[in-house]
Amino acid sequence: MSDHLFTEDDLLPLSGLQHLLFCERQWALIHIEQQWDENRLTQEGRVLHERVHESGTEARPDVVVARGLRVRSLRLGLAGETDVVEFQRTGRGGAGAIQLQGRVGWWIPFPVEYKRGRPKADAWDEVQLCAQALCLEESFGTAILAGALFYGNPRRRTHVDFDSALRAQTEELARRMHALYAAGATPPAVYARKCERCSLTERCMPKVSTRRSDVAHYLATALGDVEGEA
């Protein structure tokens with residue numbers, strides 16, 4: 001992204017990157033029109049995150065676990081809350097190592113995001129985790145090389161490397177999100193199978209909107225043909 005820095009008032013929720021990658025119309029309904037409905041999937045996800053955040057900070061000899069850590073990036077214009085950031089003890093001078101106030105030694109930040117389901121075919125979860133890492137990098141002034149996604153099914157971690165491709169995708173989505181927000185317009189509905197999983201399907205009405213668009217296109221084409229014959 002450019003050298004432009006956003007102000008605190010310009011920051012958008014980093015969780016919106018996941019909505020944007022899933023569906024730009026869904027993102028606009030939530031973040032521009034301020035519409036929201038819950039279904040079983042969103043309820044289960046919300047409860048999972050609340051349970052993760054309840055535990056607070058935990059310290060063990062070689063790892064400090066911080067939950068519900070607020071993060072931001074003025075470069076990307078993003079702000080949000082992590083599920084877990086593990087600060088893992090390492091040797092002096094280790095890649096990405098930082099010092100923590102009130103604690104001896106060197107520590108590597110390692111973000112962990114909890115998800116209710118199983119790994120997805122698209123990079124929705126990886127982008128959200130990478131955005132958290134980019135925010136943490138800006139805060140701590142260090143490079144964060146990797147993190148993890150913990151899925152409720154099969155209840156194990158999936159390692160995520162923050163490589164150049166994932167970083168570029170995350171930054172491009174941040175640019176796209178701010179452009180859509182500045183435009184203030186909700187994209188038209190286009191029905192797809194994934195719409196059935198969306199909690200906003202009753203508000204969006206993608207099948208109805210898509211049919212209306214098809215009819216409008218047909219009428220425009222038909223009327224154009226008639227005018228051409230006249």
Side-chain angles (χ1 to χ4, degrees), residues 1-6 8 11-18 20-21 49 52-53 55-115 118-152 154-177:
M1 295 188 72
S2 69
D3 294 331
H4 166 74
L5 294 180
F6 291 90
E8 292 282 354
L11 303 182
L12 296 176
L14 66 81
S15 59
L17 295 174
Q18 197 174 31
L20 187 68
L21 193 55
H49 290 298
V52 171
H53 294 178
S55 302
T57 301
E58 174 187 353
R60 299 194 292 272
D62 291 325
V63 62
V64 176
V65 180
R67 296 180 173 87
L69 191 65
R70 298 291 302 175
V71 295
R72 69 170 190 179
S73 169
L74 298 181
R75 184 176 68 88
L76 299 178
L78 301 174
E81 188 175 27
T82 65
D83 276 344
V84 167
V85 179
E86 294 180 352
F87 295 92
Q88 302 172 351
R89 187 186 292 274
T90 186
R92 182 182 179 87
I98 63 171
Q99 291 183 292
L100 297 177
Q101 185 175 2
R103 298 190 182 277
V104 178
W106 293 81
W107 308 81
I108 295 177
F110 187 86
V112 182
E113 178 72 8
Y114 282 67
K115 297 296 179 184
R118 54 174 56 90
K120 302 174 181 63
D122 295 308
W124 308 333
D125 299 335
E126 288 82 355
V127 161
Q128 183 181 2
L129 185 67
C130 184
Q132 294 175 10
L134 293 173
C135 290
L136 289 166
E137 286 183 345
E138 191 170 313
S139 297
F140 290 112
T142 191
I144 298 177
L145 304 181
L149 295 162
F150 182 89
Y151 288 97
R155 295 194 62 78
R156 66 170 178 262
R157 289 186 177 188
T158 298
H159 184 86
V160 178
D161 289 316
F162 302 131
D163 58 24
S164 58
L166 181 56
R167 289 169 180 266
Q169 182 183 17
T170 303
E171 295 193 7
E172 178 57 35
L173 282 168
R175 279 193 290 267
R176 176 63 176 163
M177 186 163 67

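Here the structure is a predicted model, which is why all the values come from computation and not from measurement.
When every heavy atom of V104 is checked against every heavy atom of R89, the shortest pair comes out as O-NH1, 3.3 Å. Nearest approach of V160 to L149, heavy atoms of both residues: CG2-CD1, 3.9 Å. Taking each heavy atom of R157 and A148 in turn, the nearest pair found is CD-CB, 4.0 Å. Closest non-hydrogen pair, I144 versus P111, comes out as CG2-CD, 3.9 Å. Nearest heavy atoms, E81 versus G68: OE2-O, 3.2 Å. In this structure, A79 and L11 approach most closely via the heavy-atom pair CB-CD1, 3.9 Å.
A distance of 11.0 Å separates NE2 in H4 from CG in L76, rounded to the nearest 0.5 Å. Atom CD of Q169 sits about 10.0 Å away from atom CG of D163, to the nearest 0.5 Å. Here the CD atom belonging to E126 is positioned 10.5 Å from the CD atom belonging to Q128, to the nearest 0.5 angstrom. Within the model, atoms CE of M177 and CG of L12 stand 5.0 Å from one another, a figure rounded to the nearest 0.5 Å.
Within the structure, every pair that satisfies the ring pair (Phe, Tyr, Trp, His ring centres under 6.0 Å) test and touches residues 59-105, not counting sequence neighbours, is listed here: F87-F140.
Residues L136 and L69 are in side-chain contact: their nearest non-hydrogen atoms beyond the backbone lie under 4.5 Å apart. The shortest side-chain heavy-atom distance between V112 and D83 does not fall under the 4.5 Å cut-off. The shortest side-chain heavy-atom distance between D125 and E113 does not fall under the 4.5 Å cut-off.
For S73, the side chain to side chain donor-acceptor pair (under 3.5 Å) partners two or more places apart in sequence, or in a different chain, are E138. Taking R155 as the reference, F150 meet the side-chain contact (heavy atoms from CB on, under 4.5 Å) condition, with sequence neighbours excluded. Remark: Q88 engages E86 in a side chain to side chain donor-acceptor pair (under 3.5 Å) (not counting sequence neighbours). For R118, the side chain to side chain donor-acceptor pair (under 3.5 Å) test picks out no residue, with sequence neighbours left out. Remark: R103 pairs with no residue by the side chain to side chain donor-acceptor pair (under 3.5 Å) rule, at least two apart or across chains. Judged as a side-chain contact (heavy atoms from CB on, under 4.5 Å), and not counting sequence neighbours, the contacts of P154 are P119, Y151, R156. Every residue two or more places apart in sequence or in another chain that forms a side-chain contact (heavy atoms from CB on, under 4.5 Å) with A146 is listed here: F110, H159, D161. Partners of A131 according to the side-chain contact (heavy atoms from CB on, under 4.5 Å) rule, which considers only residues two or more places apart in sequence or in another chain, are L14, L17, L78, T170. Applying the salt bridge (Lys or Arg N to Asp or Glu O under 4.0 Å) rule to D122 yields no partners; only residues at least two apart in sequence or on another chain are considered.
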Return a table of donor-acceptor pairs under 3.5 angstrom between the side chains of residues 90-97 and protein atoms on other chains or two or more places apart.
none

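Salt-bridge annotation for E58 and R67: present, with a side-chain N of the basic residue lying under 4.0 Å from a carboxylate O of the acidic one. Ion pairing of E137 with R167 is present here, as a side-chain N (NZ or NE/NH1/NH2) and a carboxylate O approach within less than 4.0 Å.
No donor-acceptor pair under 3.5 Å is formed between the side chain of R60 and the backbone N or O of V65.
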